[in-house]
Enquirer: 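Have a look at the structure that comes next, please.
Both backbone and side-chain heavy atoms feed into the values below; hydrogens, waters and symmetry mates do not. Remember, it's 1-based here, ligands and their atoms both numbered in the order they're listed.
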Amino acid sequence: MYLQDNAEAIVPIKGFIENSLIEWEGKIVSIIFLPTCNLRCHYCHAPHLIQTPDELESIPFNVVIDKIRHNRGWVDGVVVSGGEPTSHRRLDVFIQVLKETGVAVRLDTNGTNPYVLRDLINRNLLDCVAMDIKAPLYKERYEQVSGVPCNIEDVKESIRIIMGSDIEYEFRTTVCPSQLDGNDIENIAKIIQGAGRYILQSFKPNHCLDTKMLGVMPYPVETLREFAKNASRYVNYCCVRGEEGNVLHRSW
Ligand code: SF4
C-alpha cells in the first residue's frame with residue numbers, strides 16, 4: 001500500500017487506454033501515458049503531453065490500478081508510454097506497483113536515459129522495451145530530428161543495454177520524408193545489426209508539435225516497404241508498422 005500511495009504522488013498519469021489489441025503484438029494490453037519529455041521531435045503527436053501537461057487532468061493512480069487488477073484475467077500487460085516515462089525520477093516505484101498486479105510491463109522510451117533503463121532491467125521490472133531511434137547516430141542529424149541537443153552516447157548505451165539483455169524488445173523509427181531517407185534507415189539498421197526486431201513507422205501529418213510538419217506528405221507505403229526490405233539485410237526482422245504479419249527476415 002505504501003508504494004501504491006506514493007506512486008500516484010510521484011508519477012502523474014495523463015492518459016489511460018483500458019485495452020488495446022494492437023499495441024503489443026500477441027498481447028491484450030492497457031496503455032498508460034505519462035507527461036513531459038526531454039526531446040522536441042518536430043513530428044511529435046503528443047504536444048499536449050510535453051508542452052502543457054499541467055493543463056491536462058491527472059487520472060488517479062488508484063483508478064488505473066483498480067482497472068488493471070479487475071481486467072487481470074484477460075489483459076496480459078501494461079505499456080508505460082508518454083511523453084518520455086524515464087523523465088520521472090521515481091518511475092521504478094510506479095512500475096513496481098504495476099508489476100505487483102501480475103501483468104507484464106513494457107516501457108516505451110526514446111533511449112536518452114540509459115541509467116534508468118539499466119536499473120529497471122537489472123531489477124526485473126520490465127518484460128519488454130520499445131525504443132525509438134530517431135536518426136542515424138550522428139549528433140547533428142539526431143538533433144535535427146529530435147529538436148534539442150542530445151547526448152548520442154546515451155542513445156548508443158541504451159541500444160547496447162537493450163541488445164545485451166534477455167528481455168523482449170523492439171527498435172522503431174518514425175520515417176518522415178523531410179528528415180530521413182533510405183540511406184538513413186540503412187545506416188540505423190547497421191547500428192543495430194543483429195537486432196531481433198526493427199519497425200518503421202510512417203510519419204503522419206496530424207497533431208504535430210511543429211505545425212510546419214502538417215504540410216509534409218508521408219512516404220508511400222511501397223517506399224517504406226523498400227526501406228524495410230533493405231534494413232532487413234542487417235536485422236532479424238523488419239517491417240512497416242501495421243504489416244507485422246509480412247515478415248522480412250534477414251537475408252545474409
Ligand atoms: S515523439 Fe519525441 S518529443 Fe514526442 S514524446 Fe516521443 S521522444 Fe518525446
Side-chain angles (χ1 to χ4, degrees), residues 11-17 20 23-24 31-56 58 78-89 91 94-95 106-117 120 126 128-159 161-162 169-180 184-185 188 191-192 198-214 216 218-219 224 241-242:
V11 183
I13 296 173
K14 296 296 182 179
F16 179 63
I17 294 175
S20 166
E23 184 63 23
W24 186 349
I31 310 170
I32 291 171
F33 297 93
L34 304 182
T36 76
C37 183
N38 55 332
L39 303 187
R40 288 291 181 274
C41 309
H42 302 281
Y43 53 68
C44 179
H45 295 312
H48 53 296
L49 274 179
I50 67 170
Q51 286 184 309
T52 53
D54 293 343
E55 293 177 7
L56 300 171
S58 293
V78 176
V79 173
V80 180
S81 191
E84 173 52 37
T86 65
S87 304
H88 297 275
R89 197 173 57 82
L91 180 68
F94 183 83
I95 291 181
R106 186 184 90 188
L107 175 71
D108 289 358
T109 180
N110 60 29
T112 55
N113 199 335
Y115 313 100
V116 171
L117 186 60
L120 293 173
L126 299 179
C128 181
V129 177
M131 177 181 155
D132 290 344
I133 302 178
K134 302 290 179 186
L137 293 181
Y138 305 113
K139 188 170 173 55
E140 193 182 330
R141 295 301 321 279
Y142 221 83
E143 294 181 350
Q144 277 171 359
V145 177
S146 62
V148 291
C150 288
N151 184 341
I152 290 300
E153 293 309 313
D154 283 343
V155 178
K156 289 180 182 171
E157 181 63 8
S158 289
I159 292 171
I161 290 167
I162 291 170
Y169 67 87
E170 171 185 295
F171 295 113
R172 54 203 8 199
T173 298
T174 298
V175 193
C176 178
S178 63
Q179 295 178 325
L180 300 176
D184 293 321
I185 299 304
I188 295 170
I191 291 163
I192 56 170
Y198 181 39
I199 304 294
L200 304 185
Q201 302 177 145
S202 178
F203 159 74
K204 291 190 171 48
N206 51 42
H207 303 294
C208 295
L209 175 65
D210 179 350
T211 53
K212 288 199 284 295
M213 301 296 280
L214 298 174
V216 177
Y219 279 115
L224 293 176
R241 174 74 73 216

Enquirer: In plain terms, say whether Glu23 and Arg106 are close enough for a salt bridge, that is, a side-chain N and a carboxylate O under 4.0 Å apart.
Expert: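 So Glu23 pairs with Arg106 through a salt bridge.
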
Enquirer: For the side chain of Glu143 and the backbone of Cys150, is there at least one donor-acceptor N/O pair under 3.5 Å apart?
Expert: yes

Enquirer: Decide, counting backbone as well as side-chain atoms, whether Cys37 has an N, O or S atom less than 2.8 Å from atom 4 (Fe) of ligand 1.
Expert: no

Enquirer: State the atoms of ligand 1, each with its element, that fall below the 4.0 Å cut-off from a heavy-atom position in Lys134.
Expert: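 By the 4.0 Å cutoff, the relevant atoms are 1 (S), 2 (Fe), 6 (Fe), 7 (S).
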
Enquirer: With distance as the sole test, does Lys14 use its side chain to make a donor-acceptor pair with the main-chain N or O of Pro35 at under 3.5 Å?
Expert: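 Not confirmed, Lys14 side chain does not pair with Pro35 backbone.
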
Enquirer: Does Arg241 use its side chain to pair, donor to acceptor, with the backbone of Arg172 at less than 3.5 Å?
Expert: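 No, because the side chain of Arg241 does not come within donor-acceptor range (under 3.5 Å) of the backbone of Arg172.
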
Enquirer: Could you tell me which atoms of ligand 1, counted from 1 in the order shown, lie closer than 4.0 angstrom to a heavy atom of Gly83?
Expert: 5 (S)

Enquirer: Answer yes or no: are there more than 12 heavy-atom neighbours, outside His45 itself, under 6.0 Å from its atom NE2?
Expert: yes

Enquirer: Is Gly82 close enough to touch ligand 1? Criterion: a residue heavy atom under 4.0 Å from a ligand atom.
Expert: no

Enquirer: At under 4.0 Å between heavy atoms, which part of His45 makes contact with ligand 1: side chain, backbone, both or neither?
Expert: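 Within the 4.0 Å criterion, His45 makes no contact with ligand 1.
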
Enquirer: To check your reading of the model: name the closest protein heavy atom to atom 4 (Fe) of ligand 1, its residue, and the distance in Å.
Expert: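 Nearest protein contact, heavy atoms only, for atom 4 (Fe) of ligand 1 is Cys44 SG, 2.3 Å.
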
Enquirer: Of all the atoms in ligand 1, which lie at a distance below 4.0 Å from a heavy atom belonging to Asn110?
Expert: 7 (S)

Enquirer: Quick one: which ligand 1 atoms are inside 4.0 Å of a heavy atom on Cys41?
Expert: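 That gives atoms 1 (S), 2 (Fe), 3 (S), 7 (S) of ligand 1.
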
Enquirer: Quick one: which ligand 1 atoms are inside 4.0 Å of a heavy atom on Ile50?
Expert: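 This gives 3 (S) as the contact atoms.
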
Enquirer: Only one of Gln179, Gln201, Lys134 clears side chain to side chain donor-acceptor pair (under 3.5 Å) with Thr174; which?
Expert: Gln201

Enquirer: Which distance, rounded to the nearest 0.5 Å, do you find between the CG of Leu34 and the CG of Asp108?
Expert: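 Separation between the atoms: 10.0 Å.
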
